[in-house]
Amino acid sequence: MVTTVSRSHATAPDTAPRRRRRWRNSFTAYLLIAPAVGYLVVLLLFPLFRGIQLSLTDTKLVNPAGGDFVGAENYTNLMSSGQFWNSLLATLIYTAATVVFAVLLGTAAAVFINRPFRGRAGIRAVMTFPYAMPTVAVALVYVWIYNQSGGVLNNSLGVLGIGQTGWLTDPQWGMFSVVLATVWKVFPFVMLVMLAALQSVPEELYEAAKIDGAGPMSTFRAIVLPHLAPTLRIVALLMTIWSIRRFEIIYLLTGGGPVERTNTLVINIYRRAFSDQDLGVAATIGVLGLVLSILVTLVFFGVERRESRKEAAA
Amino acid sequence: MPRIRFDKVHKAFGSNTVIGEFDAEIGDNEFLVLLGPSGCGKSTMLRMIAGLTDITSGELTFDDERVNDLEPRERNIAFVFQSYALYPHMTVRENIAFPLIMDRFKGWYHIPLVNMVMRRRLAGMPEVAEKVAQVAEMLELTDYLERRPKALSGGQRQRVAVARALVREPSVYLLDEPLSNLDAKLRTQMRSEITALYQRVGKTFVYVTHDQVEAMTMATRIVVLDRGEVQQIGTPAEIYERPANEFVARFIGSPAMNLVPVTVQDGRVRLDENDQPTVTTGATLTDGTYHLGVRPEKITVDPSQERGLAAQVSAVERLGGETVVGFRFHDVTQDALLSAESLRTTHFAKAPAELPVSVGDRIGVEFDLSTASWFDPRTGDRIDRETAVASATS
Amino acid sequence: MMARIVGRAFSFTSLAVLVVFAAFPIYWMINTALSTDSELYRTGQSWWPTVGRIADIPSVLSDVPILRWLGNSAVIAFGTTLLSLALAVLAAYALSRFKFYGKGVSAFFLFATQMLPEALLVVPLFALFSTLGLLNELHGLVLANVAFTMPVAVFILKNAIDAIPFKIEESARVDGCPRWGQLTMIVLPLIVPSIAAAAVINFFDGWNEFLFANTFIADSEKWPASVGLASFVGQYSTPLSSVMTAAFLFTLPAIVFFLIVQRQIVSGLTAGAVKG
């Protein structure tokens, strides 16, 4: 038996079979991921670049393959059009309102439902129905609830002596009505995620707070909220991105009206493309909307990094 | 049954060396234990034999055939994982049969749905079913064949893992800390079961553990590893009696070997820790400082202080069958007892159970120098008396 | 003591308000479906449904071709789920178990799709599909849906695979099971609950999808229920009770399936969100 303990570690020569094996390993990985990535390249990335390309042309719907290169003309036109800025403003209002109310309502619901009580499972199930309901069905119901003459909202308010409001037709109320329906649809998502986060708060923390004599409000602020903060940030990000993207419910309730009050960027794209048949301008708005999403995400990751650095320092 | 040879086997993850350069040979029918603290590279070594981890450089041969680039199944080995790694969705029977079914699997059987049909058919083959029944019988698992791993106790899971290894009749068994998830009593029982299994199947076993008791009781040969470097290879007796360096000396044995700083002058030994009458070494050592290594059972404690060096008792652990006496050559004070320094200068002796000593007593201690080891205090390496003589005469 | 009673009363009231808020529109859909036309358009809708109207449901099917539309929706949803999961299982396995150059980029690419507004892509996709002759085809719609549903499934499945101890696959490898077998015989059976969750999520993305269907499918015979029902928004020539009954039939499977796999959906969504 030979025993030599050498302390010299020559750098490993990359032997041919080893290289072959490593290559085979990577090759398997590429083989596995190629269908998914290839699929997305063809159906997302390629259309995305096509969209950016379209935004530099004056392509019309009647002839999608044609259209002349017009440079940044679509962009400069949009920048100087009040309609575009109005649309951006509608997007910001819609996004801010939905995110704030959905997160508040969802978190509150999660807190109320977190403690055990009889029938909790049933109540939780009922509260998640809106999230499971198809958007088109939501729109149908809300259009009827909001209906000016036979809708239950006006009927009930009429009993209280409040006048008949055109919830979806009055420019003052259009955005409110759309946000309300949206919040109703999405708050259960926030609730479910926050509920999961709440249940991961270690029981000892509550007990420690109790021993320290903290009341329910101060316990929530000092113990629960810091624990929820990372989840809250992610939920807020998802809600924001989804709100910027959201199409169906706005399109079905108001179609961007009344008087373009709910004409968000996404609705604007669709109307420009399929009503005005102006694909070039529609694509331009789309590119600007995407830039907005990316900016939001970057801000989020900036905040996230600062927070995690803070936590690491603490 | 192959002879496993390591030829300058080296493993690095990136620039991080895990195994230095390892040369060794594992003979037929050996029970080789890879022993070391966690992170010493012992599991990596085992995984390299199995083919689960690539070898960065050097050569691993089974009977002079290079196996570096062979898949695990081409090496005819079995592997028992620390976590057992049973298939949670299969019954015990299916778990044990799995290696046999895989041996008989053809490429086209892997087509989805076909694989389910073929697995069932292969499991029903008499040669497979009989082999599974036979192994289950041997490991007393027959009553649990239709259970899933979740419904088994730790010891039963352990047996299923062994059964799964056994069923293919491999020529090498590789076991990665297979007992560390069991409680102390079960561990002792499984230890003897594995030893019995080794004697019964008569194949090569390579066994990884950080537990020196397992190593001492089961191994035919032990490799002691630390930080990716081999510290010593030898039989349990060799490693216990003649540790190659201070690391091995401290790692093996409970309590560990005492390492006492001494100075040798003119064939006489003097303690560095306080001035005591000197004794002859009984061996030829060049003048200089040494660490004297003495096993606790090679120290005689004399409560009457008539013989040996004067010391003071700092700890007494009565284990029933014997008593471990901790003593210091410095004075024992309450403050000093808690310091790290005092731990380093406390030595331990094994004494008869009924020895009448208590903490604070002054005692005499006598070292059996004929079995003692001598270490170079700078390198920590063992100094054999023969070498000492040789260097003294040259 | 007093404070505790007030606190209890406060949370009970809040909870009651929330439940009414969440449940009322659904109740109202059912109530409307079970109301007579004269109630709806003249005398005013009652707060309580007319239970006897349940008997009239079959006549709804002649007012609204809902069964055909639901059939189209089901075809789209099944197609979307199958294609999406087939792609996602392989990609998730690669992302979870392999190291390869470009892994980070691939993962980022998958996440980035969550930011793309469908409305931006609908224009170039419309152009692409018109050249490929995929407009007005249900399978064309499946292709478009999968681009958005598959990344979600990848997240859910990757997290599920990450949670399986790698040693189990290594054990299979020692037992002579090749890579593909490790995926099909070890990994997939162990992540069945997550596959079910991903399947349900994808199924209802396909079931509910409106934008692409509304843009790409012109033929009302091929409409899915989402587009078919949307055609009744703000249109009153079809009895509202029939429309609401159809909407209810469209909603029912979504809610039932959602309840069945709610737990997995939540953990899938949270995991996907946190790992994003």
Side-chain angles (χ1 to χ4, degrees), chain A residues 25-26 28-30 32-33 35-37 39-40 43-44 47-48 50-51 54 64 109 112 123 125-130 132-137 139-145 150 152 155 184 192-193 196 216 234 238 241 245 247-248 252 266 269-270 273 279 282-283 286 289-290 293-294 297, chain C residues 7 11 14-15 18-19 22-23 25-26 28-29 32 40-41 44-45 87-88 90-91 93-94 98 100 106 109 113-121 123-125 127-128 130 143 147 150 154 179 208 210-211 226 229-230 233-234 240 243 247 250-251 254-255 258-259 262 266 269-270 273-274:
Chain A
N25 224 6
S26 307
T28 314
Y30 290 131
L32 289 167
I33 202 159
V37 169
Y39 193 93
L40 294 181
L43 279 135
L44 287 182
L48 178 65
R50 184 88 179 93
L54 276 175
F112 289 131
I123 298 271
V126 168
M127 302 245 285
T128 54
F129 284 169
M133 192 167 167
T135 310
V136 173
L140 278 170
V141 173
Y142 269 89
V143 164
W144 174 235
I145 288 174
V152 63
N155 284 354
W184 178 82
L192 288 174
V193 175
I234 288 164
L238 287 175
I241 290 175
R245 274 174 56 177
F247 173 81
E248 295 174 20
L252 291 169
V266 170
I269 297 171
Y270 201 76
L279 296 187
L290 183 62
S293 290
I294 292 171
T297 313
Chain C
S11 33
S14 312
L15 197 58
L18 276 171
V19 170
I26 295 168
W28 208 243
M29 174 172 70
T32 310
L40 291 179
Y41 299 124
Q45 190 173 355
L87 294 170
L90 302 180
Y93 185 59
F98 287 83
F100 56 94
S106 313
F109 182 50
T113 58
Q114 293 285 304
M115 293 193 305
L116 288 179
E118 293 97 324
L120 164 61
L121 294 180
V123 173
L125 273 177
L128 180 69
S130 90
L143 289 178
M150 183 255 286
V154 171
R179 220 40 218 245
N208 300 342
F210 169 75
L211 174 56
S226 59
L229 287 170
V233 172
L240 190 57
V243 174
F250 182 43
T251 304
I255 287 184
F258 185 83
L259 287 181
Q262 181 175 266
V266 173
L269 287 172
T270 358
V274 175

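Residue numbers begin at 1 in each chain, while the letters A, B, ... track the order of the sequences.
Among all heavy-atom pairs drawn from C:Leu125 and A:Pro47, the shortest one is CD2-CG, 3.8 Å. Minimum interatomic distance between C:Leu211 and A:Glu248 (heavy atoms only, all atoms of both residues): N-OE2, 4.1 Å. In this structure, A:Ile123 and C:Val19 approach most closely via the heavy-atom pair CG2-CG2, 3.6 Å. Residue C:Ala94 comes nearest to A:Ala29 through the heavy atom pair CB-O, 3.8 Å, listed as atom of the first residue, atom of the second, then distance. The minimum heavy-atom distance linking A:Leu252 with C:Val233 is given by the pair O-CG1, 3.3 Å. Taking both residues in full, the closest heavy atoms of C:Ser106 and A:Ile33 are given as CB-CD1, 3.9 Å, listed atom of the first, atom of the second, then distance.
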Task: Check against side chain to side chain contact (heavy atoms under 4.5 Å, CB included), C:Leu121 and A:Leu48 - done: CA-CA 6 Å; C:Leu121 294 180; A:Leu48 178 65; 4.2 Å; yes
- [ ] Report the C-alpha separation of C:Val243 and A:Trp144 in whole Å, then their side-chain angles, then the decisive distance to 0.1 Å, and conclude whether the side chain to side chain contact (heavy atoms under 4.5 Å, CB included) test is met.
- [x] CA-CA 11 Å; C:Val243 174; A:Trp144 174 235; over 6 Å; no
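Counting heavy-atom pairs under 4.5 Å between each of C:Ala147, C:Ala254, C:Ser130 and chain A puts C:Ala147 at the top. Ranked by heavy-atom pairs under 4.5 Å with chain C, the first of A:Val141, A:Leu279, A:Thr297, A:Val37 is A:Val141. Taking chain C as the reference chain and counting heavy-atom pairs below 4.5 Å, the highest number among A:Arg50, A:Arg245, A:Met133 is found for A:Arg245. Of the listed residues (A:Pro130, A:Ala273, A:Ala283), the greatest number of heavy-atom pairs within a distance under 4.5 Å of chain C belongs to A:Pro130. Note: A:Leu40 leads A:Val126, A:Leu40, A:Thr28, A:Asn155 in heavy-atom pairs under 4.5 Å with chain C. Looking only at heavy-atom pairs under 4.5 Å with chain C, the residue among A:Pro134, A:Ser293, A:Ala132 that has the most is A:Pro134.
The CG atom of A:Leu43 lies 7.0 Å from the CG atom of C:Leu128; values are rounded to the nearest 0.5 Å. Atom-to-atom distance recorded for A:Leu32:CG and C:Leu87:CG is 11.5 Å, nearest 0.5 angstrom. Summarising the geometry, atom CG belonging to A:Leu140 is positioned 8.5 Å from atom CG belonging to C:Leu240; distances are rounded to the nearest 0.5 Å.
Using a 4.5 Å cut-off between heavy atoms, A:Ile241 touches chain C through its side chain atoms alone. Contacts of C:Met150 with chain A are made by side-chain atoms alone, with heavy-atom separations under 4.5 Å and no backbone atom involved.
Contact annotation: the side chain of C:Leu259 approaches that of A:Phe129 to within less than 4.5 Å [non-hydrogen atoms, C-beta and beyond]. Residues C:Leu116 and A:Leu290 form a side-chain contact, since some pair of their non-hydrogen atoms from C-beta on lies under 4.5 Å apart.
Here the side chain of A:Tyr39 pairs a donor or acceptor atom with the backbone of C:Leu143 at under 3.5 angstrom.
Between A:Phe247 and C:Phe210, the ring planes are parallel. Angles under 30° get that label, and only those over 60° would be called perpendicular.
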